[in-house]
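Here's the structure, in structure tokens; my notes come after.
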6 protein chains.
Amino acid sequence: MALIRGLLRRGIDLMDMASEFLQPQEDDVARIAWNLRKKISEYQKSFSVIEKCTKPVIAAIHNGCIGVGVDLVTACDIRYCSQDAYFQVKEVDVGLATDMGTLQRLPNIIGNRSLVNELAFTARKMMSDEALSSGLVSRVFPDKSSLLNAAFGLATEIASKSPIAVQGTKVNLVYSRDHSVQESLDYMATWNMRMLQTEDIMKSAQAVLQKTSLKDITSSKL
Amino acid sequence: MALIRGLLRRGIDLMDMASEFLQPQEDDVARIAWNLRKKISEYQKSFSVIEKCTKPVIAAIHNGCIGVGVDLVTACDIRYCSQDAYFQVKEVDVGLATDMGTLQRLPNIIGNRSLVNELAFTARKMMSDEALSSGLVSRVFPDKSSLLNAAFGLATEIASKSPIAVQGTKVNLVYSRDHSVQESLDYMATWNMRMLQTEDIMKSAQAVLQKTSLKDITSSKL
Amino acid sequence: MALIRGLLRRGIDLMDMASEFLQPQEDDVARIAWNLRKKISEYQKSFSVIEKCTKPVIAAIHNGCIGVGVDLVTACDIRYCSQDAYFQVKEVDVGLATDMGTLQRLPNIIGNRSLVNELAFTARKMMSDEALSSGLVSRVFPDKSSLLNAAFGLATEIASKSPIAVQGTKVNLVYSRDHSVQESLDYMATWNMRMLQTEDIMKSAQAVLQKTSLKDITSSKL
Amino acid sequence: MALIRGLLRRGIDLMDMASEFLQPQEDDVARIAWNLRKKISEYQKSFSVIEKCTKPVIAAIHNGCIGVGVDLVTACDIRYCSQDAYFQVKEVDVGLATDMGTLQRLPNIIGNRSLVNELAFTARKMMSDEALSSGLVSRVFPDKSSLLNAAFGLATEIASKSPIAVQGTKVNLVYSRDHSVQESLDYMATWNMRMLQTEDIMKSAQAVLQKTSLKDITSSKL
Amino acid sequence: MALIRGLLRRGIDLMDMASEFLQPQEDDVARIAWNLRKKISEYQKSFSVIEKCTKPVIAAIHNGCIGVGVDLVTACDIRYCSQDAYFQVKEVDVGLATDMGTLQRLPNIIGNRSLVNELAFTARKMMSDEALSSGLVSRVFPDKSSLLNAAFGLATEIASKSPIAVQGTKVNLVYSRDHSVQESLDYMATWNMRMLQTEDIMKSAQAVLQKTSLKDITSSKL
Amino acid sequence: MALIRGLLRRGIDLMDMASEFLQPQEDDVARIAWNLRKKISEYQKSFSVIEKCTKPVIAAIHNGCIGVGVDLVTACDIRYCSQDAYFQVKEVDVGLATDMGTLQRLPNIIGNRSLVNELAFTARKMMSDEALSSGLVSRVFPDKSSLLNAAFGLATEIASKSPIAVQGTKVNLVYSRDHSVQESLDYMATWNMRMLQTEDIMKSAQAVLQKTSLKDITSSKL
């Protein structure tokens, strides 16, 4: 259960990253573009691994989450933040259409496209209360300490459950985001034709019959 | 106008359903999996018929809506609930990635993906106020009786309108969920090239010209 | 930066438009349908140009936004409204499944599908506060005058930024709505392999190094 | 292993089927269209079951294969014909765009789109040699008797193989027709994560080690 | 029924077209790219209108069909050529990945992807016999005069049939190329729910009953 | 320009690979399946890199190309073979639906789906002449030596051309296989908005003007 923090305290320095992109080693414009495309793809992959990782990833955000910070947290599964957190799709201010995932994932995770567009076109700050009401985060905490407690508590709880169930759930949630409902149901059935026979379900069934707590079941690692 | 109730009062007993899945009649693991896939698909279809039904389906939910209860209500078109309602994606607690539709439909119908993931990974209860603010239900009522009145009232109102208009609307809403905007517009134009000539529109046009109420128009059944 | 207003004060007269559709010039039913499909497509395109326009389009809505008014504002990028605004998917009341874009775009822009369905099946009014909480608009203003001030202010602010950044952002936001995250990232990388070398970024980088304000940068037109 | 014959000897009488479509029971044009759509879908399904059937379906065609006959054989997996066979997409001659599957499946199964279009626009006969060279059939036989022998022989041979392997192959071949290569590979991996452990593979491995013939392995039914 | 000829006798002069692309009016590389993308899209549309045109388009090709000539004929519905015709995807020879449609359409219309790739990577000539055996053309004629006779004859024959049938066929053939079989069947059913009631079918039915020739039916224009 | 040979002389020993799959290290069936899925995906990727490689890959096949050999050559761009070559989708014979790419790619590269199905269901050998007529290979050579000469000659020729043109062509050919024509055209325009300004095109234009041979242009590496 990964927990990403430090990186988010302040956005990765845009200018640092830019320098790599802005000093091409090639003469021909097409060859420069070819190499830039490769580099952008590599950077994108460094965020996409978060959603390819089958274990749920929780982002605990306090203070400013800016630029690539937003790219990063939108690739996570669950977002908690503290009262003092704010979010800023900053790239438009430096002449750049952001290309590390925000434009691709943000509209999928919050339920107000007018707001998504407004944030991306203006680079204005969105404070924690708007982040909650718009659905970017699912909970807000008074300060950093209670935020981290809650995030670690959540991680511990999820880690106590059957990894077959938890990770199968993540794989299928990511799948259904990008496919029609019918296709996703078909994939789910094909997935579970096997997973339904896990010993984890057997153990749960026995616990229910023996009226012992589901919390006491131990699942082996995945 | 279907109205689903009793089933939702408490989730279908997971263990009942599980027993069918957990006692295979076959020896070979591949043949067991083959048959399980068939059974899962059949169960899925029993929920998908709700969205294939061209008439709008209203779910009126009070008290606990658990496990397959959530699969069921996410396949409905409109969700109302009472104050005492709560929702629980319970399956992860018994070692199972839920496979009857919740993972496929829930992210499409509420505007907070962080919350969807949190619910699916933790099996925590979501109370009626969060169900409203997150967009799972569109109205909350003080008690079961006012809930049912409202749901029946809504059903009666929709039933009073042109079935060509209402059911054509449902077909195209379900279609646009799974297709690009451009494809959905094309489908809509192809749909209405015919439906625009219905006598129901003619009757409405006449009512407007004669300044009589649109409520007094009677549409024939579909 | 377009700003659409007058049209929205009251919905285009449905009956006006209907008359064009309801008086076919042909005898054969198939030929009538063929021509109707053409006309519907043309009308649809008059709304789709708003999202094909690479410049952001802001809708400032006061008073009733009805029928095709809703088709229109859902095709815009950002929606602001005044306190007295209300929204009504009116078509079902005249026997018609609305076909100019509402059924295709509305579910993508607000985070409560139960509400979308309810509005489309009942034609009930949605007032400005529900429009805000459901995510149809991103801000509500006390009156028409403050609304217009805010909308023009927003337009001015967006217009002051690099058009390469702003319009590249819009193109990719519209693209990602209709494609999987992976496909959209690929498109984004292919897009920016070129755009990253714009002088607008260079100017921004220099401004940062020289500690001058980003606001003072002038970008050439696009 | 189904074997479809009689039906193909001469196309289903178009006029018979047409009469069902041409005598509507309704007054309103929209309601007539609604019911026609239902009927067309039902007819389509009677052909689509052939590709939903997980067992391979072989079409043995002699003499004329006309109209819905073509809809039928294009839904089959393997097509053999005799020298005297000919194929005719006849519908255009009676004022109809064929709607039972030919326009949807034929371009997928033969490698000459210019020819597909020519056949569909002109209703001209395609003789058996052109059917072979264009890829509509995979073998041509001198007469009906040798055709049937070959088709039954093929059916017997396929039936002698592991049904887990054969039917898993069909499911994935149909899947890959409608999906990108990457999606189809993912589906295949999810499919085989289970099927690879079938006893049928174990038996084959043992036969190889013991140098006995693979033909002597008996698989249990599916 | 369009018939395209002169243009194909020799490919549009690549250098002519290139000059428009190679002399940008802008300074900033991003703005140059932005304008180039617009121009490429416009050129692409000048070929795509051929497949948007609902009437079948026949290409009659003699002598060299080179570069954009190939873009053009791959957008047509039926391709006939004379013995002396040859085809050349020439762009790679001048440092250019061809971008007017050949890479997008050619693999869909001929059944040998190894050959498609070979042609696109080497710019080698493909003579008329290979064009026929690979499926690029559906017929080859000894000389230009017999070619034109055949193409005009084909156009006349198609023009004699019901335009509702012919053009509905084209719309659905183009649709099914880009969609899954199931989606295309659904579209077809929605299309024909209306078109099945055309008077053209009625006339055909009567002709069959009265044993008069289908050739004598006159359909009104579309 | 890669050239794959040795591997194809005889198919990778199925039993070798199987042993890795057939001896799971886990107890729980779900965990075994989870790990098998990972392994299958890894194997699939070892073939998919061939199509991700932007340089064209030529397969020169002599003698038997069996099982994973077919998976391998179908992932290549161009296929040449010698007279003595034969192809066999062998997996069905050992109880296995082949899962390394044949079922996903073969139907896209040859124009006879009846034949694809027949090969996959029966595991029968396809000889070189049928491989040519069906479109699996684009040329057949009398023996191994002439085959290799031709393959190396082809590689040399392609290598002499602009890598911007050649590799941009491959990227867009692979893209268009998995997308609609309209989407692929849009991607192509976005691609070339940059690549059109390569110095390679400039050099070609100059060569044409100066009437020197295109063969004499030297492009820098990519």
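Note on naming: letters A, B, ... go to the chains in the order of the sequence lines (proteins, then strands), and numbering restarts at 1 for each one.
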Under a 4.5 Å cutoff for heavy-atom pairs, which residue among [options] has the most contacts with chain A?
options: B:G101, B:A97, B:S48, B:S41; answer: B:A97
options: B:E130, B:R177, B:K38; answer: B:R177
options: B:A120, B:S133, B:G111, B:S114; answer: B:S114

(request) Sequence neighbours left out, what passes ring-ring contact (aromatic ring centres under 6.0 Å, His included) with B:F87? Give chain and number order. (result)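 Partners of B:F87 under the ring-ring contact (aromatic ring centres under 6.0 Å, His included) test: none.
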(request) Enumerate by number any residue of residues 185-192 of chain A whose heavy atoms lie under 4.5 Å from heavy atoms of chain B; in the absence of such residues, state 'none'. (result)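 So the qualifying residues are A:L185, A:D186, A:M188, A:A189, A:T190, A:N192.
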(message) Quick one, A:L173 and B:P107 - any side-chain contact, counting heavy atoms below 4.5 Å?
(response)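 A:L173 reaches B:P107 side chain to side chain.
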(message) Just to verify, what does B:D71 make a salt bridge (charged side-chain N to carboxylate O under 4.0 Å, His left out) with, not counting sequence neighbours?
(response)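 In terms of salt bridge (charged side-chain N to carboxylate O under 4.0 Å, His left out), with neighbours along the sequence ignored, B:D71 is linked to no residue.
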(request) Identify, with sequence neighbours excluded, every residue that meets salt bridge (charged side-chain N to carboxylate O under 4.0 Å, His left out) alongside A:D93. (result)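 Per chain and number, A:D93 pairs via salt bridge (charged side-chain N to carboxylate O under 4.0 Å, His left out) with A:K90, C:K161.
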Heavy-atom distance under 4.5 Å to chain A: side chain of [X], backbone, both or neither?
X: B:T98; answer: backbone
X: B:N108; answer: side chain
X: B:Q44; answer: side chain
X: B:V116; answer: side chain

(message) Please give me the minimum heavy-atom distance between A:C76 and A:A59, naming the atom from each residue.
(response)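 Closest approach of A:C76 to A:A59: SG-CB, 3.9 Å.
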(request) Measure the spacing between CD1 of B:I110 and CG of B:L136 and express it to the nearest 0.5 Å. (result)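 Between atom CD1 of B:I110 and atom CG of B:L136 there are 6.0 Å.
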Does any heavy atom of chain B fall under 4.5 Å from the side chain of [X], the backbone, both, or neither of them?
X: A:R139; value: side chain
X: A:V181; value: both
X: A:Y80; value: side chain
X: A:S134; value: backbone

(request) Indicate yes or no for a side-chain donor-acceptor contact from B:R79 to the backbone of B:V73 under 3.5 Å, with no hydrogens or angles considered. (result)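 Flag set: sc B:R79 to bb B:V73 pair under 3.5 Å.
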(request) Give a yes or no answer on whether the side chain of A:R124 reaches the backbone of A:L119 with a donor-acceptor pair at less than 3.5 Å. (result)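 Not confirmed, A:R124 side chain does not pair with A:L119 backbone.
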(request) Examine the side chains of A:S162 and A:D200 and answer whether a donor and an acceptor come within less than 3.5 Å of each other. (result)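 Distance-only check passes for A:S162 and A:D200.
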(request) Return yes if a side-chain donor-acceptor contact under 3.5 Å exists between A:T54 and A:Q167, otherwise no. (result)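 There is such a pair (donor and acceptor under 3.5 Å, judged by atom type) between the side chains of A:T54 and A:Q167.
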(message) Set out, in order, the CA-CA distance, both residues' side-chain angles and the distance that settles side chain to side chain donor-acceptor pair (under 3.5 Å) for A:S146 and A:D143, then state yes or no.
(response) CA-CA 6 Å; A:S146 54; A:D143 52 34; 2.8 Å; yes
(request) Name the option with the most non-hydrogen atom pairs under 4.5 Å to chain B; the candidates are A:N172, A:I78, A:N112, A:I164. (result)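 The answer is A:I78.
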(message) Taking the basic N atoms (NZ, or NE/NH1/NH2) and the acidic carboxylate oxygens, is any pair closer than 4.0 Å for B:K170 and B:E51?
(response)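 Result for this pair is no, no salt bridge flagged.
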